Amino acid sequence: MKQKIKQLIYEALKEAHKKGKLPSSEFPDIQIEEPKSQVHGDFSTNAAMIMASSQKMSPRKIAEAITGNLGDRNQIISKVEIAGPGFINFYLKESSWYPVLFRIHEENARFGSSNLGKGEKIQVEFVSSNPTGPLHVGHGRGAAVGDSVGNILAFCGYDVEKEYYINDSGRQINTLGRSVFYRYRELFGEKIEFPATCYQGDYIRDIAIKIKDADGNKFLEQDEETAVSYCARLAAKEILEGIRQDLDFFGVKFDVWFSEQSLYDSGKVESVINDFKKKEIVYKNEGALWFKTSDYGDEKDRVVVKKNGEKTYFASDIAYHQEKYERGFDLVIDVWGADHHGYIPRLTACVEASGKDRNQFQVILVQLVNLLRGGEPVAMSTRAGEFITLKDVISEVGRDAARFIFLTRHYDSPLDFDLELAKKKTSDNPVYYVQYVHARISSIIRKAAEREISDIVIDDEAIAMIIQSEEVELMKALARYPETIENSAKLMEPHRITFFLMNLASLFHAYYNKHRVLTDDPLLSRGRLYLVAAVQKVIRNGLTLLGVSAPERM
RNA sequence: GCGCCUGUAGCUCAGAUGGAUAGAGCAACGGACUUCUAAUCCGUAGGUCGCAGGUUCGAAUCCUGCCAGGCGUACCA
């Protein structure tokens, strides 16, 4: 709709110039806005004000030249006025919104999709939690954001792959193995002072018990290194399986599970380091090998190989990100917890060193989640192994509520997640508010079927019945959906969709309370049913992008 | 110290690329179910957009400085 108005204005500008009303034929990019207040029309433009200096005319004179030459072939405008310093306000006819409804019914689940991405290959990597313990709430937020961003980008014509990076190599895995091994020995009555650096959670003991049940005391007789390494492999596999299940439970699916260890096994890490040596962007100092990340804007250089010969986590990260581009991605998006933000410059450096542009790499930093219960912080001590896992949260509040709440904030701001609030089935809880719209409309459609108006079809007479101001507001909101999706994709901000849905829901509930859809007048009923069914389709469409279900009944 | 993020109603937060009188929800108060689901709606009240300058027709939004909070600043992951 904005585009249509914009086009009309440009045509008017050309026309006015042809008639000699405007001296310059240079027309800048004008903006069409939806005024906050109804008294300023359905749309307004600042075109006249922007052009004041280039046309060397007063804004009001320019505005007159525009309005005087406005053509309206499709008869969508009911009134145009010039207001304030030179705004031009457009008032549209109710009927100008009807095509939006036609499109929604025709495109249904595809409404709002686009070819913005033109098939560009994007990888979204998220969660990527170490397989040393279960997922917690923070991972849940990352999962909800990453999954949804992936959905939205795919909807906008990008070729998206979702990936989970498994940190199954290095010291933390060794620590995991030792943790399990100590618990295992304890099971045979050995008194062990359990190191504070080891993982404390009960799940470690559970794995030890499994090993004991399967293999008995076999590992007590082997040398420690072999036993630890076995425990590590088994525990990591076990925990990763749990993570997969939790994510599945949360409705998050990955296209690829990528193993860090595989980068070592294939020699990729080694070859990247050699490559960097050849390019002389790494150097030796005090026995360690450093990457000159400061040449690429990092505040200082970073170690790739430690003095003791061990490779740092950064080493495999360099290899990993290079490998991503070799798979043909035009853009790589990493979703990280905000506490990792110091890592961005050094990874940007490695992307640039690999010959890629720095804007082919983007990081979404998701802020912390504070878990509350009834307004009080929930004690979370990883060290003592006392924490509420993502699985606990989902079991308690439900998948839909959890996912929706994670997306009710810009990822940039910290989120308070209140378990009591998330469980509440009232208007405090926005999920149900939105889902309720879907259920209510489903109910209306069922009732309509009983009255044998099962086919939601439309004709000119029926649709012409849609004239109430609440109905126009609904249509205006629906018309905004495609641009909401587009902005959400461009900025990678799923919460824009969440807020759109809450707003649409609010308009619908108000309408529902004021007007009946099914009335004694069949024509009116058909028209309203058509409108309401469009609302339902858009609600379902949006919820799907967020990974939330759209129930028929509640 | 340096870097990143945040500061908008009592609380939790929206306000992309500057637009007209800054918006929701919760909490408070008062109303609406013989009618398609009251998990809903309507109304009232609530503001120095952290502070101070600057840019311009016009600033919550852009620039500078300051204040407050969070996070980071490892040969940890």
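A quick note: this is a predicted structure, and the numbers were derived from the prediction, not measured. In what follows, every chain begins at residue 1, and chains take the letters A, B, ... in the order their sequences are listed.
- In this view, Tyr530(A) and His105(A) satisfy the ring-ring contact (aromatic ring centres under 6.0 Å, His included) rule, not counting sequence neighbours.
- Taking only side-chain nitrogens and oxygens, Tyr512(A) never comes nearer than 4.0 Å to OP1 or OP2 of U35(B).
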Pairs counted as Watson-Crick or G-U wobble with both distances under 3.5 Å: what dot-bracket string results for RNA chain B, using | for bases tied to another strand? (((((((..((((.....[...)))).(((((.......))))).....(((((..]....))))))))))))....

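- Judged by centroid separation below 5.5 Å and plane tilt below 30°, Phe87(A) stacks onto the base of A20(B).
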Summarise protein proximity over nucleotides 11-17 of chain B in one line of letters, 5' to 3': B for base, S for sugar-phosphate only, - for none, counting protein heavy atoms closer than 4.0 Å. -SSSSB-

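- More than 12 heavy atoms of other residues, nucleotides or ligands shown are found within 6.0 angstrom of CG on Asn285(A).
- Ionic pairing of Lys490(A) and Glu486(A) is present here: one or more N-O contacts between side-chain nitrogen and carboxylate oxygen are shorter than 4.0 angstrom.
- Applying the salt bridge (Lys or Arg N to Asp or Glu O under 4.0 Å) rule to Glu260(A) yields no partners; only residues at least two apart in sequence or on another chain are considered.
- Comparing A20(B), C36(B), C4(B) by their nearest atom to the side chain of His341(A) picks out C4(B).
- A salt bridge between Glu34(A) and Lys476(A) is absent, with no side-chain N of the basic residue lying under 4.0 Å from a carboxylate O of the acidic one.
- If you take atom P in G58(B) and the same atom in G18(B), they sit 16 Å apart, rounded to whole Å.
- Among the nucleotides C36(B), C5(B), A39(B), the one closest to the side chain of Tyr432(A) is A39(B).
- Annotation: side chain to side chain contact (heavy atoms under 4.5 Å, CB included) contacts of Ala232(A) (sequence neighbours excluded): Ile173(A).
- Within the structure, every pair that satisfies the salt bridge (Lys or Arg N to Asp or Glu O under 4.0 Å) test and touches residues 500-518 of chain A, not counting sequence neighbours, is listed here: Glu470(A)-Lys514(A).
- Applying the salt bridge (Lys or Arg N to Asp or Glu O under 4.0 Å) rule to Lys277(A) yields no partners; only residues at least two apart in sequence or on another chain are considered.
- Annotation: salt bridge (Lys or Arg N to Asp or Glu O under 4.0 Å) contacts involving residues 430-442 of chain A, sequence neighbours excluded, are absent.
- Taking only side-chain atoms of Asp412(A), from C-beta outward, the nucleotide of A20(B), C42(B), C5(B) with the closest atom is C5(B).
- Partners of Tyr343(A) by ring-ring contact (aromatic ring centres under 6.0 Å, His included), not counting sequence neighbours: none found.
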Could you list all N or O pairs between the protein and nucleotides 75-77 of chain B that sit under 3.5 Å apart?
from: C75(B); atom 1: O2; to: Lys307(A); atom 2: N; distance (Å): 2.7
from: C75(B); atom 1: N4; to: Glu286(A); atom 2: O; distance (Å): 3.3
from: C76(B); atom 1: OP2; to: Lys306(A); atom 2: NZ; distance (Å): 2.6
from: A77(B); atom 1: OP2; to: Tyr313(A); atom 2: N; distance (Å): 3.4
from: A77(B); atom 1: O3'; to: Gln172(A); atom 2: OE1; distance (Å): 2.7
from: A77(B); atom 1: O3'; to: Gln172(A); atom 2: NE2; distance (Å): 2.9
from: A77(B); atom 1: O2'; to: Asn130(A); atom 2: ND2; distance (Å): 2.5

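- Across A38(B), A74(B), C36(B), the shortest atom-to-atom separation from the side chain of Arg440(A) is found for A38(B).
- The gap from the P atom of G65(B) to that of C5(B) amounts to 14 Å, rounded to the nearest Å.
- Contact check on Glu163(A) versus Lys324(A) returns no salt bridge, with no Lys/Arg side-chain nitrogen under 4.0 Å from an Asp/Glu carboxylate oxygen.
- Across the P atoms, U44(B) and A24(B) are found 11 Å apart, a figure rounded to whole Å.
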So if I define the base as every atom that isn't primed, P, OP1 or OP2, how would nucleotides 29-34 of chain B read as a B/S/- string at a heavy-atom cutoff under 4.0 Å? ------

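- Here, G19(B) and A27(B) have their P atoms 32 Å apart, quoted to the whole Å.
- Looking at residues two or more places apart in sequence or on another chain, you find no side chain to side chain donor-acceptor pair (under 3.5 Å) involving Asp295(A).
- In this structure, a donor-acceptor pair under 3.5 Å is absent between the side chains of Asp334(A) and His340(A).
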